[in-house]
Structures are given as structure tokens and as C-alpha cells.
Number of protein chains: 2
Amino acid sequence: MAEKKYDALKLENQLCFPLYACSRQIIKKYHPFLDELNLTYTQYLAMMVLWERHTISVKELGNQLFLDSGTLTPLLKSMEKKGYLTRKRSGEDERILLVSITEAGETLRDRAVDVPAKMTGCVNLSPEEAAELYRLLYKILS
Amino acid sequence: MAEKKYDALKLENQLCFPLYACSRQIIKKYHPFLDELNLTYTQYLAMMVLWERHTISVKELGNQLFLDSGTLTPLLKSMEKKGYLTRKRSGEDERILLVSITEAGETLRDRAVDVPAKMTGCVNLSPEEAAELYRLLYKILS
DNA sequence: CTCAATTCGATTGAGTACAATTTAATTATA
DNA sequence: TATAATTAAATTGTACTCAATCGAATTGAG
């Protein structure tokens, strides 16, 4: 008779493991494309928010990306050094730090616009499967 | 008319972002349970492999977890210090480092066996949805 | 008002991740 | 059989990721 006592602890019975592995494998595939833009994957995500919002607080950016100030503070300082954004305290409330995209940051958008299309070939799911995966992931996140 | 030129660059149109966010959010939920075992999430994954395999090379462990020696070497040294495993070069081939579970590592299995059940409540998917998510993730990984 | 509670960001420290390089051991080939 | 090529870990350097803590600014209950 089979020993089932520990089955739940087998790697192949985990849901989080393939999530974690998948996430890292796909991020790796972004590397060659993002290197050309002088961005890491996390920085690329921050730029996506800035391209839509232009100015945003660290707090709100963290809410959108599920990241805290411990991650964002050094990330944003590094991006400021690259010239893609500026960091300035809000006049209304000095606790709030406002991050704003620069002209150089805006320019980057045109060079980044092809990245998503280049990546689609890297995930071999049908459009329906991709849509279903998307739905399930956001259901977990909500 | 709407500006569609940059739609592909919107955060909400990414597939990798929710994957990455989901992975981190779920791993966070493991923390209270894994703290009791004195394990991090990555260490917990390594233990899952060792509970099944007892002895495995760093290379093979890396293949199973999609991690390289740069990550595994310090991870395994730390786990060795905790007494959960031993590290010894293979006699057959001195390049190979064999990682073996200890008695303390085996004992940990009984304390870990409830972790998966405790976690299931943290992901609000139906069993069918979880199964579909699992299938899609492994399709990407293959 | 006023001081306690809250909020926001920065800092610190531990632990990954991973590309690139190095070193030692093994294997293959001229 | 020398040596070139390959392989396995370790090391190095850069960049997250997050828990915990801190300090300054703001808010709110009495």
C-alpha cells in the first residue's frame, strides 16, 4: 500500500511552487529586451505605472505593484540617477514623496512599446488559456 | 478616439505581473507557518525535495527548483548550520556535492505536514480553478 | 489646543536571485 | 597520453524583497 501521509508535501502537489518558478522563468526572458532600455523587470513595472500616471506617491505606487518602501526607495533612487524620474516631497503633506516621470522617461516609452509583442512568443499558451490564467491570478490577488 | 498605441504597456494588460505579484503574496502567507519550522519558503521547497530524495546533488536540486548554485550554495550552507542536512563531495566524482537529509530534517517533516492544509484557505479558488491554474503554469514551465 | 495614535518614507539586516567568472575535476580528442 | 573542452560548485557583484524599526509630519479624541 502506498504511503500517503506526506503526499501534500510533495513538490508536484504544490500550487505556489509553479507560480513562483513560472514568474522567475518569464522575468528571465525579459532580460535581453529590458537590458536595451537599461531597466530591470521591477523598474520596468514602475515605468508602466509612471507612463500612465506621470506623478504618483511612493505609497500609491507600492499599492499598485504590491511592493513596500524597503523595495521602492532604493529602486526609485536608482531610476532617478538614470534620469527617468524625479523625487520631490509634496507641499501639501511633507510625509508624501511624489515621483514624477521625466522627458527621458517619456522617451523610453517608444522604445519599450515593442517589448510586450516580443515577449508573447515566450509563453506558449493559446489566447484563451492566457485569458483564463489572467483571470485566475487576479482572483487570487483580489 | 482612444489612444491605443501604448495599450500593450499598461500594467493591467500584462500576464507576467500578476504571476509575479501572486507568487510573492502567497509566499508571504507562508511566513507564519514556516517561521515555526525555522524555514524560509525557498528552504521549505528544498526540504520537500529532500524528504522525497534523501540524497541529491546540488545540480539536480537546482534542476528541480529552477535555481542555480549562486542561490543554492548559501541556502544549503545555512540549512546545514541548522542541522537539517549535510553536504559532502561525491567519492565517484569530486565535482559533485551531495546534499543529504539528517534525522532532524526528517523529524521536521511531521511538523510540516499540516502546512499545505493551513495554506489552502489562503487561496480562494475552487478545486477546479486550482487544477486549471496548475495545468496552465506547468504548460508554461515545460 | 494637545498629546497620543497614525501615516509615510527611509533605513537596516537577512535572505534570496541570477549573471558572470573562477577553480577543480572529469571527459573527449587529436 | 597530453591537452582541450566540458562540467559542477563556489564566488563575486548587483539588485531586489520584505520584516522590523525609526523619525518626521499629520490627524484626531478629549
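On a predicted model such as this, the values are computed, not experimentally measured, just so you know. No hydrogens, no waters, no symmetry mates; every other heavy atom, side chains included, goes into these values. Every chain is numbered from 1 and lettered A, B, ... according to where its sequence line falls, protein lines coming before strand lines.
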Over how many whole Å does the gap from [X] atom [atom1] to [N] atom [atom2] extend?
| X | N | atom1 | atom2 | result |
| --- | --- | --- | --- | --- |
| A/Leu65 | D/dT17 | CG | P | 10 Å |
| A/Arg89 | C/dG9 | CZ | P | 7 Å |
| A/Leu72 | D/dC18 | CG | P | 10 Å |
| A/Ile96 | D/dA24 | CD1 | P | 18 Å |
| A/Lys59 | C/dT6 | NZ | P | 14 Å |
| B/Arg95 | D/dT11 | CZ | C1' | 19 Å |
| A/Phe17 | C/dA17 | CZ | P | 11 Å |
| B/Ile56 | D/dA8 | CD1 | P | 13 Å |

- Please say whether the positively charged group of A/Arg109, taken as NZ for Lys or CZ for Arg, lies over the ring of B/Tyr6, i.e. under 6.0 angstrom from the six-membered ring centre and within 45 degrees of the axis.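 Cation-pi check for A/Arg109 and B/Tyr6: passes.
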[X] side-chain N/O to [Y] backbone N/O, donor-acceptor pair under 3.5 Å:
| X | Y | answer |
| --- | --- | --- |
| B/Asp110 | B/Val113 | no |
| A/Arg24 | B/Leu67 | no |
| B/Glu129 | B/Ser126 | yes |

- Message: Regarding A/Glu60, tell me which of base, sugar-phosphate or nothing describes its non-hydrogen contacts under 4.0 Å with the strands shown.
- Response: nothing
- Message: Regarding A/Thr42, tell me which of base, sugar-phosphate or nothing describes its non-hydrogen contacts under 4.0 Å with the strands shown.
- Response: sugar-phosphate
- Any donor-acceptor pair under 3.5 Å between the side chain of B/Ser69 and the base of D/dA8? no
Can you figure out which of [options] approaches the side chain of [X] most closely?
| X | options | answer |
| --- | --- | --- |
| B/Glu94 | D/dA9, C/dA10, C/dA25 | C/dA25 |
| A/Gln43 | D/dC16, C/dT26, C/dA19 | D/dC16 |
| A/Thr71 | D/dC16, C/dT6, D/dA8 | D/dC16 |
| B/Leu97 | D/dA10, C/dG9, C/dA10 | D/dA10 |
| A/Asp68 | D/dC18, D/dA25, C/dA10 | D/dC18 |

- Message: Can you confirm whether or not the ring centre of A/Tyr44 sits under 6.0 Å from the ring centre of A/Phe33?
- Response: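 No, too far apart.
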- Same cluster (ILVMFWY, side-chain, under 4.5 Å), A/Met79 and A/Leu98: no
- Note on the structure: Note: contacts of residues 74-82 of chain A with DNA chain C (heavy atom, under 4.0 Å) are A/Lys77
- Query: So which one's nearest nucleotide on DNA chain D is more toward 5', A/Leu67 or A/Asp93?
  - Reply: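 Its nucleotide being nearer the 5' end, the pick is A/Leu67.
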- Message: Salt bridge check, A/Glu80 against A/Lys88: does any charged N sit closer than 4.0 Å to a carboxylate O?
- Response: no
If you compare all heavy atoms of [X] against all heavy atoms of [Y], which two are closest, and at what distance to 0.1 Å?
| X | Y | answer |
| --- | --- | --- |
| B/Ile26 | A/Cys16 | CG2-SG, 3.6 Å |
| B/Phe17 | A/Tyr138 | CD2-OH, 3.8 Å |
| B/Val58 | B/Leu72 | O-CD1, 3.7 Å |

- For residues 23-41 of chain A, which residues have at least one heavy atom under 4.0 Å from DNA chain D?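 Nucleic-acid contacts, sorted: A/Thr40.
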- Item | D/dA10 phosphate, OP1 or OP2, under 4.0 Å from B/Thr73 side-chain N/O |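 Yes, B/Thr73 has a side-chain N/O under 4.0 Å of OP1/OP2 on D/dA10.
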- Query: Do the side-chain N or O atoms of A/Arg87 get closer than 4.0 angstrom to the phosphate oxygens (OP1, OP2) of C/dA10?
  - Reply: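 Checking A/Arg87 against C/dA10: at least one side-chain N or O falls below 4.0 Å of OP1 or OP2.
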- Toward the 5' end of DNA chain C, by each residue's nearest nucleotide, A/Tyr20 or A/Ser57: A/Ser57
